[in-house]
Every structure is written in C-alpha cells, then in structure tokens.
Amino acid sequence: MAAAVLAMAAGAHAVVIRDDVPDGSYRVAPSEFPALVDLPGEGHGVLIDPRWVLTVAHAVRFGPVKEVTILGIPRAVKAKVVHDGFAMPGAELLKGDSAPLVAFLSKNDDVALLELEAPVEDVAPVPLYDGRDEKGKIATLYGKGATGNGLTGQVKDSPHRGELRRANNVIDTVDTKWIGYTFDRGRDALPLEGQLGDGDSGGPVLIDDGGRPTLAGLADWKMPTGSVESFRPGIYGQRTFQVRVSVYKPWIEKVMAFARQMDAAEVEKVTIEFGWATLGAAAGETYVLTKDATDYLITGDVNTSESMYDEMVHGLASDRASITGHRSLGQVKALRELWRAPPVLRDSALSRLVDEDWAKSNEASVFASLYLNRCSASEDAFSKRFMDARRRVAAAASYFEGGWTDDYPRYRVSVVLSGGKVLSMQSHMQARPTIQWFLDDVETWNPDIPNRIAALVPTWSIMGRRITSRLEGARIADEFGRDDAIQQASARCLLKH
C-alpha cells in the first residue's frame, strides 16, 4: 500500500512539525491528554465513555483487538464494532493517478468503536463535538508516531510509536464526512503548526467548546496529488483529512445504547428451527430454550415425516422424538452476543475458511480428484494456483454462490429478551458450512454463528452438524480443474510421454 498517502497503509498520522521551531516545544507528557488510547503496535483511539473507545476502522481492521493501553495501563477489549459503510481500497487504487483513490476515501465511513471489558475509572472521557461550525476553529492534535518537519518531510523509516507530541492547525475544510486542515509555513502558520504523520491513525483532533476540549475529528488520510507512488508525506502545503465526529455521533450513540440494552436484558426464550424437504415431504427439528432458575431448559422434537432421518439419530424409532436437557447461561449469552458483532463480509470470511493451513491440508486430495494427466508440469501449475489465496477465495465464492439444491434447508433462530425485544436470525444457504446469515435483515458471514447455534442443539442433530461442516477441498476442486493454465500443463504431460 501507499504508506505515505493513507493512514491505513502503515497506520498513519503522528506529528510532523515546523522546521523553524525546536522539537522540544512540541513534546508533552502523556498526562497532558490521558484519554489518548494506544492501539496494539501503532495507531490510536480516544476514550469517549468509561467503556468505549472511538477510533478509525482501518486501524483495527485485522481481526479482533484483545486489549488497548490507556495512560500506560492495558485494558481488555470486549467487542469491536466497525461502521458498515467502511471498506478498504483495492490494490488498483494504490498506484497511478491519485484522483480515484481520493474519490474512494472521501466516500468512506472510516470509523469504529471498541467496547472495554471494564469501565475506565482513572481517566475522564472526552466529550464529542456536535456542532457544525468546525471551519475556522483551531484544532489541537496529539500523536506518538512518525515525525519530521515541513521542509524536508516526514523522516523515512521514522518509528510509528515514540514520543507524544502536540501541535495545532486551523480547520479550513468541512465536508459531509470530513474536516481538513493545511500544513502552512512561515507567517501563515500557527506557533506550533503541525500535521499528523504515519503511526497514529485514529488519534484525536480537538477543538475548544466553551472552555473544554471536545473531540471533533479522528486522524485519517492525507490528500495526495499526482501519482500515488510519488507522494511524499509531511511537506508544507499538504492537506490532511480527519473523520468528522459530529456526523457520526448518532451512529456512536446508537451502538452504545444497543450494547447497554443487550447487557441489561436477559434472554427469556430461544427458539431454533431447522427445516428441509425429503422425498416430497417436509421435515424439521425444533428446539425451545426457556430460562430456568440457574440455566436454560431445552425441549423440542424432531419431525422426520417419511425420511430415513430416524436411522441417523442413533436408532430413534419414532417420527417425533422428544428432546430434553439443559444449556448454560454462558452458551445462551454467547448466542445473544452475535447481534453485537459487526457484519463480516463474504470475502473476509472465505479468506479465513480457505486459509493457508486449509490449503496445505487439502492440496493433495484436490489434485488427486481432478481428471488431469500427472507430471511435474501439471503438479506445479496446480500447486501455484491452489496456493494463491485470491484464487482459493474466488473458487470458494463460486461454490457458495452455486445455487444448487438438494433438500432446501432453512434455519431460523429467534431470541426473546426481557422487555419483549425479539432478535431474529435466518439462513437458507445450501452450501456447507452455513456461514451466510441474516441477523435482523443485516447480512453477515460470521463463522461464529453456526458454532454457537450447534452448541445449543443435541449433539446428534443432523442439521446442527450440517451447519458446522468443514469445507472439503472437493467442493471447490472443479474451479481449478477448469483453469486453462492447469489444463495446458496437463496436455504437455502427454507430449512428454
């Protein structure tokens, strides 16, 4: 990625200073802004509530965030919520003319929240700015990352986590989702004029509101000109853009309010319904979990109609088999927490499903299943393509989008909370494992969903096993068998013999 352009490239933004002001004038003690949050490795956030940290989405895009550091103390993270309007730019935007990249970034919703396991009691949160008059106000910036000066630019290979610096700038641009400032020089510059550089994505941009600092922006991206490859960060005249917090305040408050509601509510009842068609007749499994004194009582039945399902369920002889048992508070709570998780995009889920470990364990069996002539040429051509992560994801996507049918499975889950709120989840995916779901009509490919449902149903449940099935290499083998390069290599095997 073009690290000089994007916060997301190397986790952008720390303080680049004036060339005519000593660096010591910019350095401050961490106690000056204790609400600054250090993300793992690099990048920042801001404590906006005793249990919540606001940051930019690209700084926390890789997997879960287990802990952050506030005022030198590690704090465990409970959950991460990324705005569903966030996306990373494709590789095609990170080279050549910068105009398409700028257009992409300007429309992005690069914001995320981290919920902490325990409230922070030794640091005061920073209030959010909710006005619409940011333009012309002086902003205060904080960062610990890369530095340099406006004359020579950001120092190459400068550390992305170092001393804390503070700078000022004037907000001169206000857009729908962004506020921006320009790194000025000489008479046009403030005494501590500065620009955030690489290493502090998500860092604070503060403005004074009635004598108190408020969070108006989050460090994000710089405005490149010309080609992406030639852009150099930290030069006088550059414009830098920050997430406009006031625009996202309703989203922030909605996420936090929903989390509080979920924490306060108890699960009164869970209904799990599996259905499928067999030999022209409907069949299904239904399980109901109701709150008991210490856990949840599960009851239900299996309606097998005229199928052979009975023989699969350890010799159950009747068409309707009663199910009773208990499930723990933790198992039911784990199911409820799925509604708090951010949506998982398809390709992100498939990347984990067919990762390198999966590829290594399936490479030999997939190759053996293809109708190919065997020789070093065909083996090498196949291996090269099968070990290409992008090709595996494309093949898996084709399999999951195949639209084939067998028994028309359907999966529905409803959770009734105290107070009457009902959460719903459903899927009709044919492919196995079942990882495409709709939670209250929001699509997600969260691989945790089938596992948490399966933990609640009987271990012999055929549909419970189905939704958690491991993806077999044979399911995506055909995509590689049709690959022209592999077929050509296979043909060369005959010529050699």
Side-chain angles (χ1 to χ4, degrees), residues 3-19 21-48 53-56 58-60 68-72 110-111 123 126 138-150 153-171 178-183 189-207 213-223 233-236 238-243 245:
V5 178
L6 302 173
M8 37 198 99
H13 295 129
V15 176
V16 180
I17 66 175
R18 290 175 56 150
D19 68 297
V21 176
D23 181 57
S25 299
Y26 288 86
R27 295 195 184 195
V28 294
S31 57
E32 178 167 318
F33 188 66
L36 183 69
V37 177
D38 292 341
L39 300 178
E42 62 181 74
H44 287 308
V46 182
L47 187 70
I48 62 168
V53 172
L54 183 64
T55 185
V56 289
H58 74 257
V60 294
V68 296
T69 302
I70 304 174
L71 204 59
D110 193 3
V111 61
V123 176
V126 177
I138 295 177
T140 301
L141 327 171
Y142 287 93
K144 293 182 180 179
T147 189
N149 68 67
Q154 182 178 293
V155 177
K156 185 178 181 181
D157 300 324
S158 180
H160 290 183
R161 178 60 59 76
E163 298 292 330
L164 179 63
R165 293 178 177 84
R166 173 202 61 210
N168 300 117
N169 214 309
V170 177
I171 297 172
W178 309 98
I179 56 175
Y181 58 77
T182 305
F183 192 9
L190 297 172
L192 290 179
E193 181 89 7
Q195 173 180 298
L196 293 169
D198 293 348
D200 276 333
S201 295
V205 177
L206 307 169
I207 60 176
T214 58
L215 185 64
L218 300 170
D220 209 301
W221 57 283
K222 307 178 184 74
M223 171 74 80
I235 300 294
Y236 286 128
Q238 277 178 9
R239 301 174 67 196
T240 304
F241 288 85
Q242 333 300 322
V243 173
V245 171

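What you are looking at is a predicted structure, and each value in this text was computed from that prediction instead of being measured. Residues take their numbers from the sequence shown, with the count starting at 1.
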[X] side chain vs [Y] backbone, donor-acceptor pair below 3.5 Å:
X	Y	answer
N169	A139	no
D110	V243	no
H44	S201	no

Indicate the atoms forming the closest heavy-atom contact of [X] with [Y], along with that distance.
X	Y	value
V15	A167	CG1-CB, 3.7 Å
L47	V123	CD2-O, 3.8 Å
A219	L196	CB-CD1, 3.4 Å
G45	L39	N-CG, 4.5 Å
A35	V126	CB-CG2, 3.5 Å
G202	V56	N-CG2, 3.5 Å

Would you mind reporting whether L206 and F33 have side-chain heavy atoms less than 4.5 Å apart?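 Touching, per the 4.5 Å side-chain cut-off.
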Which distance, rounded to the nearest 0.5 Å, do you find between the OG1 of T182 and the CD1 of I171?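 CD1 of I171 is found 11.5 Å from OG1 of T182.
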Taking it one step at a time, do Q242 and Y181 satisfy side chain to side chain contact (heavy atoms under 4.5 Å, CB included)? CA-CA 9 Å; Q242 333 300 322; Y181 58 77; 3.0 Å; yes
Report the residues that fulfil side-chain hydrogen bond (donor to acceptor under 3.5 Å, both in side chains) with T214, sequence neighbours left out, ordered by chain and then residue number.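 T214 satisfies side-chain hydrogen bond (donor to acceptor under 3.5 Å, both in side chains) with no residue once adjacent residues are dropped.
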Mind checking what makes side chain to side chain contact (heavy atoms under 4.5 Å, CB included) contact with [X], not counting sequence neighbours?
X	result
A189	R18, D184, E193
S25	V21, P22, L192
L164	V28, L36, Y142, K144

Contacts of type ring-ring contact (aromatic ring centres under 6.0 Å, His included), residue F183, not counting sequence neighbours: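 Applying ring-ring contact (aromatic ring centres under 6.0 Å, His included) to F183 gives Y236.
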L218 and T55: side chain to side chain contact (heavy atoms under 4.5 Å, CB included), yes or no, with the steps? CA-CA 7 Å; L218 300 170; T55 185; 5.6 Å; no
Using salt bridge (Lys or Arg N to Asp or Glu O under 4.0 Å) as the criterion, list what pairs up with D19, not counting sequence neighbours.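 Per chain and number, D19 pairs via salt bridge (Lys or Arg N to Asp or Glu O under 4.0 Å) with no residue.
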Just do the side chain to side chain contact (heavy atoms under 4.5 Å, CB included) check on Q195 and L141 with the steps written out, would you? CA-CA 8 Å; Q195 173 180 298; L141 327 171; 5.9 Å; no
Other residues, nucleotides, ligands: >12 heavy atoms within 6.0 Å of L190 CG: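 Count over threshold, so yes.
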